[in-house]
Amino acid sequence: MARVAVVGAGPGGLAAAARLAAQGHAVTVLEQSQQVGGKLGLLTVEGHAFDTGPSLVTLPQVYRDLFAATGGPLEESLDLVRLDPAVAYRFADGTRLTFPGSPAAVPAALDAALGAGAGAQWAALMSRAEHMWRISEGPFLRTPLAGAATLARLARRPADVATIAPWTSLRGLGERYLRDPRLRMLLDRYATYSGSDPRKAPGVLATVAHAEQAYGSWYVRGGLHRLALAVAERAAERGAVLRTGCAVRRVVVTGGRGAGVELADGEVVPADVVVSDADAAALYADLLPPDLSAAPRRALGRATPSLSGFVLLLGLRGRTPDLAHHTVLFPADYDAEFDAVFGTGRHRGAPQPVADPTVYVSAPDDPALRPDDDSESWFVLVNAPRHEPGRGVDWDEPGLAERYADSVLQVMADRGLDVRDRVRVRVVRTPADLERDTGSVGGSIYGTSSNGARAAFLRPANASPVPGLFLVGGSAHPGGGLPLVTLSAEIVARLVGPA
Ligand SMILES: Cc1cc2nc3c(=O)[nH]c(=O)nc-3n(C[C@H](O)[C@H](O)[C@H](O)COP(=O)(O)OP(=O)(O)OC[C@H]3O[C@@H](n4cnc5c(N)ncnc54)[C@H](O)[C@@H]3O)c2cc1C
């Protein structure tokens with residue numbers, strides 16, 4: 001049995017804690033904030049409850065595996081609901097597309113909304129994406145990153161390399177299969193699931209669209225934060241100790257091995273194994289001595305950080321007729337959004353809040369989230385540049401957040417969702433808030449982005465250069481988003497091994 005110290009109680013840290021405790025280790029989780037869950041947070045204001053981060057669960061099998069491996073079926077702890085429709089899209093030309101939650105209904109829905117042939121184009125792309133998924137899921141998503149060995153494993157079959165087409169961007173793949181620009185926009189949006197630019201992210205991200213369509217879009221009744229609570233409870237049941245309000249200020253390295261952590265108040269928690277769920281950029285910049293972190297810092301320096309998000313939590317009076325659980329309001333010019341967020345093209349070197357952004361609204365019809373049946377609690381998200389005072393956007397600049405919130409509400413009104421006279425609660429959360437609350441450097445949601453063919457290989461590995469120190473979570477391999485973060489915990493638990 002090893003003593004394991006887990007830094008951070010985000011979804012990755014909690015899943016690792018549950019698995020390692022179930023494997024017989026003595027696990028202590030140290031979380032800086034007073035709440036567990038990390039970005040999978042919850043905020044309640046005047047009876048309106050809001051998930052502050054994730055609003056969409058994909059690949060439920062990953063959580064089923066986690067719960068099964070740690071003591072009992074997921075259904076004993078959580079009520080997962082498959083959404084149908086999955087999402088309602090509104091395009092700038094006025095077209096509305098309600099994307100069904102069951103795969104068999106998708107082609108007909110696309111033909112009806114976008115014209116004959118759209119369904120067949122999408123189906124052909126999804127068939128390619130399914131093939132990509134089968135090739136990449138095991139060797140990449142469920143396996144530790146091992147540099148050249150990983151590449152060699154993937155390259156063993158030239159036909160597989162041709163299917164993955166690592167040199168093709170997601171945009172390029174869309175242009176090959178989809179003639180309708182609205183369908184291409186829909187595909188492009190999947191790049192943002194990893195905080196990336198579809199013009200630079202690899203085509204293999206089409207697998208995200210496939211996985212969502214094939215395995216469904218899901219909601220956790222009561223709010224997604226319950227997922228964090230349930231995993232925390234599972235970890236505690238297996239014997240893990242969860243300590244909140246404990247910021248780790250350094251990983252203790254003795255004789256070249258991870259030997260524990262030191263807290264902000266000076267307390268040292270000794271351990272045989274340290275698992276870090278902190279943002280990898282923060283771990284390597286602040287928690288380890290520079291001579292032990294030079295190589296991963298160099299790799300991080302070559303990668304583009306993922307985009308951040310600007311969030312509006314709206315408690316509304318009254319109910320909106322015919323509103324889907326998830327709604328996406330697209331702009332006319334999607335490229336302008338990516339240029340503003342990443343500081344490219346017309347915004348070269350100067351990222352800015354997006355003037356005419358895509359707006360994502362999550363409005364769960366869930367009595368647990370509203371004070372009464374004549375109100376709604378909305379989570380509104382737009383892609384945003386990171387918080388980078390001095391170099392990019394300073395989201396703490398006085399007045400900016402509220403001004404930008406007003407402009408997002410105006411954009412929503414212009415696109416047919418005007419709720420301005422119904423607002424009872426309005427909470428604004430900027431990339432700077434995300435950085436303060438979760439320690440994500442610059443408020444990047446997913447660590448490094450997938451921009452560039454080599455991006456996946458620049459992502460920090462789960463085994464650090466320091467023996468006994470492992471990385472879990474969205475800024476490490478295999479990537480961000482709840483399912484991949486949960487898979488990273490599975491990889492780390494395997495690397496540490498049983499007690
Ligand atoms: C607005 C938003 C929307 C999102 N939407 C979705 C979605 O719909 N679906 C989806 O799958 N994913 C979504 N995500 C992404 C998802 O939330 C993340 O991928 C996931 O939470 C990452 O988990 P993690 O464990 O790596 O890190 P985090 O959730 O960031 O947790 C890290 C934890 O470590 C703690 N910590 C950091 N440093 C220290 C330290 N030094 N000492 C002690 N504790 C420390 C932090 O306080 C935090 O609790 C969204 C994220 C955001 C912000």
Side-chain angles (χ1 to χ4, degrees), residues 5-17 29-41 50-60 62-63 87 192-195 208 211-212 217-220 224-225 227-228 231-232 242-251 261-264 269 274-283 285-288 306-313 326 360 362 379-384 429-431 433-441 443-447 460 471-476 478-489 492:
V6 177
V7 183
L14 291 171
V29 182
L30 302 142
E31 165 58 47
Q32 63 173 5
S33 94
Q34 298 299 335
Q35 201 186 55
V36 300
K39 297 187 187 83
L40 183 54
F50 305 94
D51 279 316
T52 57
S55 54
L56 169 68
V57 174
T58 51
L59 290 176
V62 170
Y63 315 102
V87 51
T192 66
Y193 280 42
S194 67
V208 183
E212 186 175 302
S217 299
W218 298 75
Y219 175 65
V220 180
L224 268 66
H225 178 66
L227 179 57
V231 181
L242 272 63
R243 295 177 56 186
T244 53
C246 293
V248 170
R249 77 169 168 212
R250 127 182 131 85
V251 174
V261 295
E262 183 182 310
L263 306 185
V269 179
V274 178
V275 175
S276 172
D277 184 38
D279 188 318
L283 168 75
D286 306 328
L287 302 186
L288 272 181
S306 94
L307 51 69
S308 187
F310 181 90
V311 172
L312 266 177
L313 305 174
H326 297 144
Y360 167 80
S362 179
F379 166 90
V380 178
L381 173 68
V382 303
N383 293 327
R429 290 170 54 85
T430 70
D433 296 318
L434 191 60
E435 179 176 71
R436 275 187 286 273
D437 290 352
T438 67
S440 297
V441 180
S444 278
I445 294 182
Y446 303 98
L471 279 74
V472 74
S475 56
L482 297 174
L484 297 198
V485 164
T486 308
L487 285 176
S488 80
V492 166

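For ligands, and for the atoms within them, numbers begin at 1 and follow the listed sequence. The figures here come from the full heavy-atom set of this structure, side chains too, leaving out hydrogens, waters and symmetry mates.
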Checklist entry - If you take all heavy atoms of Asp279 and Val441, which pair is closest and at what distance? => result OD2-N, 3.1 Å
Could you tell me, for ligand 1, which of its N or O atoms are under 3.5 Å from any protein N or O, listing the pairs and their distances rounded to 0.1 Å?
from	atom 1	to	atom 2	distance (Å)
ligand 1	8 (O)	Ser55	N	3.1
ligand 1	8 (O)	Leu56	N	3.2
ligand 1	9 (N)	Leu56	O	2.9
ligand 1	11 (O)	Leu482	N	2.7
ligand 1	19 (O)	Gly481	N	2.8
ligand 1	25 (O)	Pro11	N	3.3
ligand 1	25 (O)	Gly12	N	2.8
ligand 1	25 (O)	Asp277	OD1	2.7
ligand 1	25 (O)	Asp277	OD2	2.9
ligand 1	26 (O)	Asp277	OD1	3.2
ligand 1	26 (O)	Gly474	N	2.7
ligand 1	29 (O)	Lys39	N	2.8
ligand 1	30 (O)	Lys39	NZ	2.7
ligand 1	41 (N)	Val248	O	2.9
ligand 1	42 (N)	Val248	N	2.9
ligand 1	44 (N)	Gln32	N	3.1
ligand 1	47 (O)	Glu31	OE2	2.6
ligand 1	47 (O)	Gln32	NE2	2.9
ligand 1	49 (O)	Glu31	OE1	2.6
ligand 1	49 (O)	Glu31	OE2	3.1

Checklist entry - Under the 3.5 angstrom rule, does the side chain of Thr192 hit a backbone N or O of Gly195 as a donor-acceptor pair? => result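 Checked: no pair found.
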Item to check | Any donor-acceptor pair under 3.5 Å from Ser306 side chain to Tyr446 backbone | outcome: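 Answer holds: yes.
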Next on the checklist: Quick one about Ser55 and Tyr219 (side-chain donor to acceptor, distance below 3.5 Å, no hydrogens or angles considered), yes or no?
Outcome noted: no
Checklist entry - Can you list the residues that meet the side chain to side chain donor-acceptor pair (under 3.5 Å) rule with Asp437, with sequence neighbours excluded? => result Arg429
Next on the checklist: Angle between ring planes, Phe379 versus Tyr360, binned at 30° and 60°: parallel, tilted or perpendicular?
Outcome noted: perpendicular
